[in-house]
Amino acid sequence: MIRKAVIPAAGYGTRFLPITKSQPKEMIPIVDTPVVQYVVEEAVASGITDILMIIGKGKRAIEEHFDRSPILEESLIKKGNLEMLEKIRNISSLANIHFVWQKEMNGLGDAIKYARCHVNNEPFAVLLGDTLLKGDEEPVTKQLIDVYNRYKSPVIALEEVEPQLVHRYGVIDGYQAGENVYIARNWVEKPSIKEAPSNLAVASRYIFTPEIFDYLDNTPPGKNNEVQLTDAMRQMVKQHPMYGLKFKGKRYDIGNKLGFLKTNMVYALQDPEIGEPLKIWLKEFVQSLD
């Protein structure tokens, strides 16, 4: 049973400056909810009960978001806004959420190393906060957990991308083992079209066993002088079976401004309060461009 998750959230978010100068990128809202809350909700819906967030300087707002706010709650009670009161209180009771500080920005691999004592000898999930994944019938992390329960080995979420875009991602070099499940031979970081062994890209969700920490310990700094998770995975796959799952669902990349705006629009159109009025306005706006 996988009950623990790690959410690295220490990066500077330079692609969203100037807003991320004082606001954590993980707290940027999709409609009215911070990105990191969606990620936590995915973990909880997948059966995760214990979450460790790796944070850095300027990330205190994340801690405050998942903590109780007695003054705000009292104000909502006085105003009789009990619906919002319940919504706010639910945030702080989603899961057991813990925080640890990454002392230096030394890459994703280094950030995950901070989780060693938290996960101990248990398998655990890793969810990156700059991508939202919406499963068709069940959360993507839950889909990965189901595959882990079958093979008892690390599982990485995969998304099929256009061949001309493989240079943006890490991709799997492997072969199919079942429906949407692949056995990894290797992991290749941002290959050219000619060099790419596949167009199945790593999609920001992972299930690892504790052995990953030993490989991270022995992974020297790579690109940007940072400890790269993919480099550790490339070493691990030589000695441990690793799998990939082409998940059923949709990936929303919010790591850049255009992707962020598109994601906001998709989620807003699905919002029961503003979705229909927004759809009407969008039609009128598009017509006005003609």
Side-chain angles (χ1 to χ4, degrees), residues 1-2 5-6 42 46-47 107-109 112 119 122-128 130-220 222-223 227-253 255:
M1 186 69 182
I2 294 179
V6 177
E42 177 191 335
S46 301
L108 175 59
I112 292 174
V119 303
E122 298 181 36
F124 62 101
V126 174
L127 299 89
L128 305 190
D130 63 354
T131 303
L132 297 183
L133 302 182
K134 183 173 286 189
D136 286 345
E137 297 180 358
E138 60 182 6
V140 173
T141 298
K142 176 63 167 57
Q143 296 177 40
L144 295 179
I145 290 173
D146 290 343
V147 175
Y148 172 83
N149 288 337
R150 194 185 319 162
Y151 296 104
K152 304 301 182 185
S153 294
V155 188
I156 315 301
L158 302 174
E159 178 196 25
E160 190 169 3
V161 299
E162 294 296 328
Q164 64 268 24
L165 299 180
V166 292
H167 68 280
R168 299 181 182 178
Y169 306 97
V171 300
I172 189 174
D173 176 2
Y175 55 95
Q176 196 160 357
E179 183 183 3
N180 294 328
V181 176
Y182 297 79
I183 298 177
R185 285 188 292 253
N186 200 0
W187 304 95
V188 183
E189 184 67 17
K190 298 181 179 180
S192 66
I193 296 180
K194 292 183 179 180
E195 297 171 330
S198 75
N199 65 331
L200 294 173
V202 175
S204 304
R205 299 292 187 270
Y206 313 78
I207 302 294
F208 285 121
T209 53
E211 287 82 6
I212 187 64
F213 296 115
D214 295 330
Y215 293 96
L216 288 169
D217 285 341
N218 292 294
T219 298
K223 186 177 180 181
V227 179
Q228 301 294 333
L229 177 59
T230 303
D231 291 343
M233 290 166 54
R234 293 178 67 179
Q235 295 304 314
M236 187 174 188
V237 76
K238 295 176 182 178
Q239 298 174 309
H240 295 271
M242 298 183 76
Y243 293 82
L245 172 69
K246 189 169 75 169
F247 66 89
K248 296 178 180 179
K250 177 70 175 176
R251 178 177 186 265
Y252 297 99
D253 187 354

How many angstroms lie between atom [atom1] of [X] and atom [atom2] of [Y], to the nearest 0.5 angstrom?
X: Asp173; Y: Ser198; atom1: CG; atom2: OG; result: 7.0 Å
X: Lys134; Y: Glu42; atom1: NZ; atom2: CD; result: 11.0 Å
X: Asn186; Y: Lys238; atom1: CG; atom2: NZ; result: 7.5 Å
X: Leu245; Y: Leu200; atom1: CG; atom2: CG; result: 10.5 Å
X: Ile172; Y: Leu158; atom1: CD1; atom2: CG; result: 5.0 Å
X: Glu159; Y: Ser204; atom1: CD; atom2: OG; result: 9.0 Å

Donor-acceptor pair between Tyr215 and Gln239 side chains, under 3.5 angstrom: yes

Ion pair Asp146/Arg150, N-O distance below 4.0 Å: no

Write down the atom of [X], the atom of [Y], and the distance for their closest heavy-atom approach.
X: Ala232; Y: Ile212; answer: CB-CD1, 4.2 Å
X: Ala201; Y: Val161; answer: CB-CG1, 3.9 Å
X: Ser153; Y: Pro241; answer: CB-O, 3.3 Å
X: Ile145; Y: Ser46; answer: CD1-O, 3.6 Å
X: Met236; Y: Pro154; answer: CE-CG, 3.7 Å
X: Pro123; Y: Pro210; answer: N-CD, 4.2 Å

Does a side-chain heavy-atom distance below 4.5 Å link [X] with [Y]?
X: Phe208; Y: Met233; answer: yes
X: Tyr175; Y: Arg185; answer: yes
X: Phe247; Y: Leu144; answer: no
X: Val188; Y: Glu195; answer: no
X: Trp187; Y: Val171; answer: no
X: His240; Y: Thr209; answer: no
X: Arg205; Y: Leu133; answer: yes
X: Lys190; Y: Arg168; answer: no

Residue pair Ile2, Glu122: steps toward the side chain to side chain contact (heavy atoms under 4.5 Å, CB included) verdict: CA-CA 7 Å; Ile2 294 179; Glu122 298 181 36; over 6 Å; no

Any donor-acceptor pair under 3.5 Å from Asp231 side chain to Val227 backbone: no

Check: Pro163 main-chain N/O paired with Asn199 side-chain donor or acceptor under 3.5 Å: no

Within the 6.0 Å centroid threshold, strictly below: Phe213 and Phe124: yes

Trace of the side chain to side chain donor-acceptor pair (under 3.5 Å) decision for Thr230 with Gln228: CA-CA 5 Å; Thr230 303; Gln228 301 294 333; 5.9 Å; no

Partner of Lys246 by side chain to side chain contact (heavy atoms under 4.5 Å, CB included), out of Gln143, Gln176, Glu160: Glu160

Full working for side chain to side chain contact (heavy atoms under 4.5 Å, CB included) between Tyr206 and Leu128: CA-CA 9 Å; Tyr206 313 78; Leu128 305 190; 4.1 Å; yes

Other residues, nucleotides, ligands: >12 heavy atoms within 6.0 Å of Glu137 CD: no

